[in-house]
Colleague: 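Before I ask anything, here is the structure I am working with.
Residue numbers count from 1 along this sequence. Small disclaimer: the values here were computed from a predicted structure and weren't measured.
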Amino acid sequence: MSIRKIWLFVLVAVAIISIAINALVLTSLTDRYFKSYLTENYDQHIQQIKEYTQNAIKSDSISYNQMALELETHLDDPIIRIKLYNANGDLLIDVQETENEINNKRYRGMMGNMMDKSTEEVDQYKITTDGTLMGYLNITRNGSAENSIVAKLFKSSLIMNSIFSMGIALVFAIILGIYVSRKMSRALKDTAAFANDLQIGENRHYHKSGIVEIKQIRDSLLELGTRLRLKQKSRKKLLDQMIHQTRTPLTIIKTHLEGIEDGVIDVNHETTEILQNQVDMLTSIISNMSGMIDAESEIDDLNIVAFDLNLLIEQIVQGLLASFQKKKIKIDISGNINKLTETDQFRLSQALYNVLTNAYKYTLPNGHVRIDLDFKEEQDQVTISVSDDGIGIEDDIKNHIFDAYFRGNYDVNSLGDGLGLYVANENMQMIGGKIECDSIPNKGSQFRLIFPNKYVD
């Protein structure tokens with residue numbers, strides 16, 4: 001099962017369970033409190049009927065017909081019939097709901113046979129005045145108040161609304177689940193394609209994912225791809241070294257064999273020993289091939305030389321000057337070191353060259369790039385600052401600019417594979433230095449190459 005289907009299934013299942021539990025709890029609580037309300041309301045209604053009947057019997061101005069009309073207004077569910085007897089048990093008033101009213105309630109409540117008369121109950125109340133028995137009041141009701149038609153209608157409506165709400169929530173959960181699952185599925189498919197492109201050496205642009213885990217996977221793939229490329233380069237150089245090392249023994253063997261064939265070299269113990277030594281050397285090289293290929297150590301040795309740093313910077317700037325002038329970017333150099341610098345000239349040159357190239361890319365036409373050279377004699381430390389008034393670097397990507405193959409969102413149309421600052425940082429670390437960066441968006445950036453004036457291993 002795909003992640004998309006699993007996510008959709010889990011989301012819908014959680015939605016159904018959550019809504020069902022919520023509906024069950026809400027329905028139970030509402031039903032309980034509504035039943036209490038109906039019971040309390042029914043008791044108040046009965047008390048009103050008793051008080052009215054007591055006052056009406058005491059009054060000589062109210063006839064039985066008037067009392068009957070008044071009591072008819074109290075025929076409200078669950079009360080379906082009211083009878084009034086005198087103290088001798090003679091029937092004085094008898095009011096009840098008509099058959100049509102009962103049928104209408106049955107229809108509205110969809111209760112059917114639940115309205116059967118077998119559920120009717122009669123409550124009798126004594127009517128007294130000043131301690132004297134005046135009569136009896138019989139109230140016929142359709143079961144208890146909590147089982148009345150109103151209560152059943154309310155319960156039915158509550159259940160239907162809960163089902164309706166569950167349906168709406170389920171629809172929204174499905175829509176949301178489809179949207180999120182599609183987004184996740186697309187991000188995962190892009191990541192799979194991204195990994196495949198890394199494998200075959202492609203370097204295409206993919207949409208940035210807002211999912212943290214996906215982003216972490218892609219970052220890990222980028223780092224892995226970088227390591228594989230660097231390791232591949234290391235392996236090639238090691239293989240070249242191995243081939244170079246095999247040339248000498250092979251040449252010696254070939255020369256001796258040709259000499260033996262021409263009769264120039266005699267086949268003796270000394271000759272045999274020389275050939276045997278060369279074969280042993282070849283065997284050793286071939287045996288160590290696996291270890292050489294899998295070596296993780298740096299293959300490039302540092303070449304520490306003493307040179308004029310001022311002259312080196314001038315040469316690098318002169319090499320880039322034509323490009324800067326074409327883009328109408330002014331470039332200045334300030335500062336001077338009055339002593340020779342001892343470090344790896346090639347690695348420092350490459351780092352400075354990459355930083356200047358980066359400043360060129362992100363400085364707009366008619367901009368300004370400045371190189372400041374500073375020497376702290378007490379620390380024997382050199383700082384080369386490259387400042388520009390370009391577009392700057394956003395805070396959220398500043399921590400990634402030295403990652404291999406990293407390119408900001410505004411970098412999609414520029415040339416390069418995102419290795420320039422990575423290589424510069426690696427080179428500076430190898431010569432015992434570092435790179436620092438300060439930047440303000442839309443105002444510019446400053447990169448500082450800091451390294452010891454004299455390399456100490």
Colleague: Quick check against the 3.5 Å criterion: does Asp344 have a side-chain atom that pairs as donor or acceptor with the backbone of Asn303?
Modeller: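 Yes.
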Colleague: Indicate the atoms forming the closest heavy-atom contact of Phe402 with Tyr422, along with that distance.
Modeller: O-CD1, 3.4 Å
Colleague: Among Asp332, Asp389, Thr363, exactly one meets side-chain hydrogen bond (donor to acceptor under 3.5 Å, both in side chains) together with His368. Which residue is that?
Modeller: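 With His368 as partner, Asp332, Asp389, Thr363 yield a single side-chain hydrogen bond (donor to acceptor under 3.5 Å, both in side chains), made by Asp332.
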Colleague: Would you mind reporting whether Leu302 and Arg347 have side-chain heavy atoms less than 4.5 Å apart?
Modeller: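 Arg347 vs Leu302: side chains touch.
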Colleague: Should Glu426 and Val423 count as side-chain neighbours, where that means a heavy-atom distance under 4.5 Å?
Modeller: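 No, their side chains stay 4.5 Å or more apart.
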Colleague: Flag the pair Arg448 and Asp372 as a salt bridge only when some basic side-chain nitrogen lies within less than 4.0 angstrom of an acidic carboxylate oxygen.
Modeller: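 No, this pair does not count.
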Colleague: How far apart are the closest heavy atoms of Ser439 and Ser445, and which atoms are they?
Modeller: OG-OG, 2.8 Å
Colleague: May I ask you to test the Thr343-Leu309 pair for a side-chain heavy-atom distance under 4.5 Å?
Modeller: no
Colleague: Is it true that Arg141 and Asp123 make a salt bridge, defined as a side-chain N closer than 4.0 Å to a carboxylate O?
Modeller: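 The answer is yes: the pair qualifies as a salt bridge.
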Colleague: Looking at every non-hydrogen atom in both residues, tell me the closest pair between Lys327 and Leu364 and how far apart they are.
Modeller: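 In this case the closest contact between Lys327 and Leu364 is CE-C, 4.5 Å.
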Colleague: Apply side chain to side chain contact (heavy atoms under 4.5 Å, CB included) to residues Ile450 and Lys376 and explain how you reach the verdict.
Modeller: CA-CA 11 Å; Ile450 305 171; Lys376 292 183 173 57; over 6 Å; no
Colleague: Count the heavy atoms of every other residue, nucleotide or ligand shown that sit under 6.0 Å from CZ of Phe346, and state whether that count exceeds 12.
Modeller: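 No - once you tally the heavy atoms of other residues, nucleotides and ligands closer than 6.0 Å, there are 12 at most.
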Colleague: Can you name the nearest heavy-atom pair linking Ala351 to Asn427, along with the distance?
Modeller: N-ND2, 4.2 Å
Colleague: Phe375: which residues meet the ring pair (Phe, Tyr, Trp, His ring centres under 6.0 Å) condition with it, sequence neighbours left out?
Modeller: none
Colleague: Side chains of Asn310 and Ile333: does their closest heavy-atom pair fall under 4.5 Å?
Modeller: no
Colleague: Is there side-chain contact between Gln446 and Asp388, with heavy atoms separated by less than 4.5 Å?
Modeller: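 No, side chains not in contact.
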Colleague: Nearest heavy-atom pair of Cys437 and Lys398: which atoms, and what distance?
Modeller: O-CD, 4.5 Å
Colleague: If you define the side chain from C-beta out and look only at heavy atoms, does anything of Phe324 sit under 4.5 Å from Val369?
Modeller: yes
Colleague: When you compare the side chain of Asn425 with that of Ile401, does any pair of heavy atoms fall below 4.5 Å?
Modeller: no
